[in-house]
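Below is one structure, written out as structure tokens; comments come after it.
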Amino acid sequence: MIPKQLQQKARQERLGKIAENLIRSMPAAEMELDHRTPWELLIATILSAQCTDERVNRVTPALFRRYPTPADLGQASQRDVEEVIRSTGFFKSKAKNIIACGRAVEEKFHGKVPETMEELVGLPGVGRKTANVLLGNAFGKPAIVVDTHVKRVANRLGFTTSDDPTRIEQDLQRLLPPARWTAVSQRLLLHGRYVCTARRPQCERCPIYAHCTWKQKGPA
DNA sequence: ATCCCGAGGG
DNA sequence: CCCTCTGGAT
């Protein structure tokens with residue numbers, strides 16, 4: 001075997017070990033499939049852009065009570081929806097998108113959220129990130145969600161050297177078996193949110209500190 | 001001040 | 001590729 005292949009194999013093994021350690025270190029409760037319906041998860045995910053789940057969870061009950069189905073939301077008034085979701089930020093574009101999304105789901109898919117990447121990203125307000133959340137967490141399909149946390153952590157751990165989300169997704173797909181995609185991307189995301197933070201990473205609490213190559217370059 | 005579980009539009 | 005959209009947390 002030529003050296004380049006050996007090097008590649010060693011890298012893959014190292015990253016595989018990191019992935020397994022991350023999965024082992026996270027509470028099982030964090031990885032359950034989402035209990036919400038695909039429609040509810042879709043709307044909650046669109047609303048979650050640049051905002052925490054807690055704030056989303058504060059507005060969704062009222063939203064779904066008022067507009068239970070995609071058809072209902074599709075006919076809602078812009079101003080009324082804006083008022084309900086105001087505290088999640090970006091409320092004008094989000095209101096416009098989820099109303100249009102309700103109409104699209106109702107008209108193009110008979111009120112049922114589609115289950116393919118292509119159809120999902122065709123919906124208003126749905127990009128690759130949101131589509132992958134649905135595929136992985138609502139439909140149980142292998143999916144890698146790349147948000148700013150995953151982007152940062154995947155770079156720090158050496159899974160990728162790219163800033164482009166689509167490219168990062170491809171790099172992770174190449175490095176990991178599909179059966180691990182959903183679990184690993186969830187762990188990378190949570191790891192980035194709670195431990196490997198942008199500003200002041202909590203290296204003392206890091207479960208994969210021993211495998212980390214970034215800590216040497218990192219702050220203090 | 002700066003960042004966050006983004007996406008659409010120019 | 002860059003800009004904008006928003007409120008809340010830190």
Side-chain angles (χ1 to χ4, degrees), chain A residues 22 26-27 29-36 38 40-60 62-63 73 78-105 113-114 117-139 143-157 159-160 162-169 172 181-202 205 218-219:
Chain A
L22 271 180
M26 300 270 181
E30 299 274 20
M31 78 177 266
E32 286 170 19
L33 261 201
D34 202 281
H35 67 280
R36 289 169 285 192
E40 289 173 341
L41 181 60
L42 174 59
I43 296 307
T45 306
I46 292 175
L47 295 182
S48 78
Q50 302 297 330
C51 131
T52 64
D53 280 345
E54 274 163 56
R55 263 182 293 148
V56 173
N57 292 337
R58 234 180 287 138
V59 306
T60 45
L63 184 68
L73 189 56
Q78 171 80 19
R79 232 173 290 284
D80 185 62
V81 174
E82 281 182 13
E83 202 45 51
V84 178
I85 67 171
R86 172 171 294 275
S87 64
T88 66
F90 293 172
F91 62 87
K92 285 185 181 168
S93 51
K94 283 177 181 175
K96 184 172 134 214
N97 283 147
I98 64 177
I99 290 169
C101 198
R103 196 157 34 229
V105 167
V113 179
M117 169 64 74
E118 196 178 343
E119 291 172 319
L120 283 166
V121 295
L123 294 172
V126 180
R128 247 195 126 66
K129 186 257 173 186
T130 302
N132 273 322
V133 169
L134 266 288
L135 292 176
N137 297 330
F139 301 129
I144 292 177
V145 175
V146 180
D147 67 353
T148 54
H149 291 317
V150 174
K151 186 192 284 195
R152 178 180 65 255
V153 175
N155 268 283
R156 286 181 180 174
L157 293 176
F159 283 95
T160 183
S162 174
D163 282 324
D164 172 47
T166 303
R167 178 61 194 278
I168 294 173
E169 191 185 330
L172 288 168
W181 290 357
T182 305
V184 173
S185 84
Q186 272 184 86
R187 299 317 198 282
L188 289 175
L189 198 158
L190 292 170
H191 185 60
R193 188 202 287 181
Y194 295 119
V195 182
C196 200
T197 51
R199 291 295 185 61
R200 196 185 147 293
Q202 318 266 15
R205 277 203 265 141

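Protein chains get the first letters and strands the later ones, always in sequence-line order, with residue 1 at the start of each. As the structure is a prediction and not an experimental result, all values here were calculated from the model. Note: hydrogens, waters and symmetry copies are ignored here, and every other heavy atom, side chains too, is used.
Counting any heavy atom pair closer than 4.0 Å across all strands shown, A:T52 reaches no nucleic acid atom. Residue A:P124 is in sugar-phosphate contact alone, with no base atom involved, counting any heavy-atom pair closer than 4.0 Å across all strands shown. Contacts of A:F90 with the nucleic acid, taken as non-hydrogen atoms under 4.0 Å apart, include base atoms. As judged by a 4.0 angstrom heavy-atom cut-off over every strand, A:K129 is placed among the base-contacting residues. At a threshold of 4.0 angstrom between heavy atoms, the contacts of A:R152 are confined to the sugar-phosphate backbone, with no base atom among them. Residue A:V126 is in sugar-phosphate contact alone, with no base atom involved, counting any heavy-atom pair closer than 4.0 Å across all strands shown.
The outermost nucleotides of DNA chain C lying under 4.0 Å from heavy atoms of chain A, listed 5' to 3', are C:dC5 to C:dG8.
Only the P atoms considered, B:dG10 is 15 Å distant from C:dT6, to the nearest whole Å.
Each of A:V145 and A:G125 has a nearest nucleotide on DNA chain B; the 5'-most of these lies closest to A:V145. If A:K96 and A:T45 are placed on DNA chain B by their nearest nucleotide, the residue sitting closer to the 5' end is A:T45.
Of the residues A:L41, A:T130, A:I85, A:T88, the one that meets the side-chain contact (heavy atoms from CB on, under 4.5 Å) test with A:I46 is A:T130. The side-chain contact (heavy atoms from CB on, under 4.5 Å) test with A:S185 singles out one residue from A:N132, A:I168, A:I144, A:L172, and that residue is A:I144.
In terms of phosphate contacts, A:R55 brings no side-chain nitrogen or oxygen within less than 4.0 Å of OP1 or OP2 of B:dC4.
Within a 6.0 Å sphere centred on CD of A:Q202, other residues, nucleotides and ligands contribute more than 12 heavy atoms.
The OH-C1' distance, from A:Y194 to B:dC3, rounds to 16 Å in whole Å. If you take CG of A:D53 and P of B:dC4, they are 15 Å apart, rounded to a whole angstrom. Whole-Å rounding puts the A:K94 NZ to B:dC4 P distance at 15 Å. With rounding to whole Å, A:L134 atom CG is found 11 Å from B:dA7 atom P. Between the CG atom of A:N132 and the P atom of B:dA7 there is a distance of 10 Å, rounded to whole Å.
For A:V113, the side-chain contact (heavy atoms from CB on, under 4.5 Å) partners are A:P38, A:W39, A:L42, A:L120, A:L134, A:F139, not counting sequence neighbours.
Ion pair A:R86/A:E83 flagged as a salt bridge, since at least one NZ, NE, NH1 or NH2 atom sits closer than 4.0 Å to an Asp/Glu carboxylate oxygen.
In this structure, A:R58 CZ and A:T52 OG1 are separated by 6.5 Å, a value rounded to the nearest 0.5 Å.
The closest donor-acceptor contact from the side chain of A:Q78 to the backbone of A:K92 lies under 3.5 Å.
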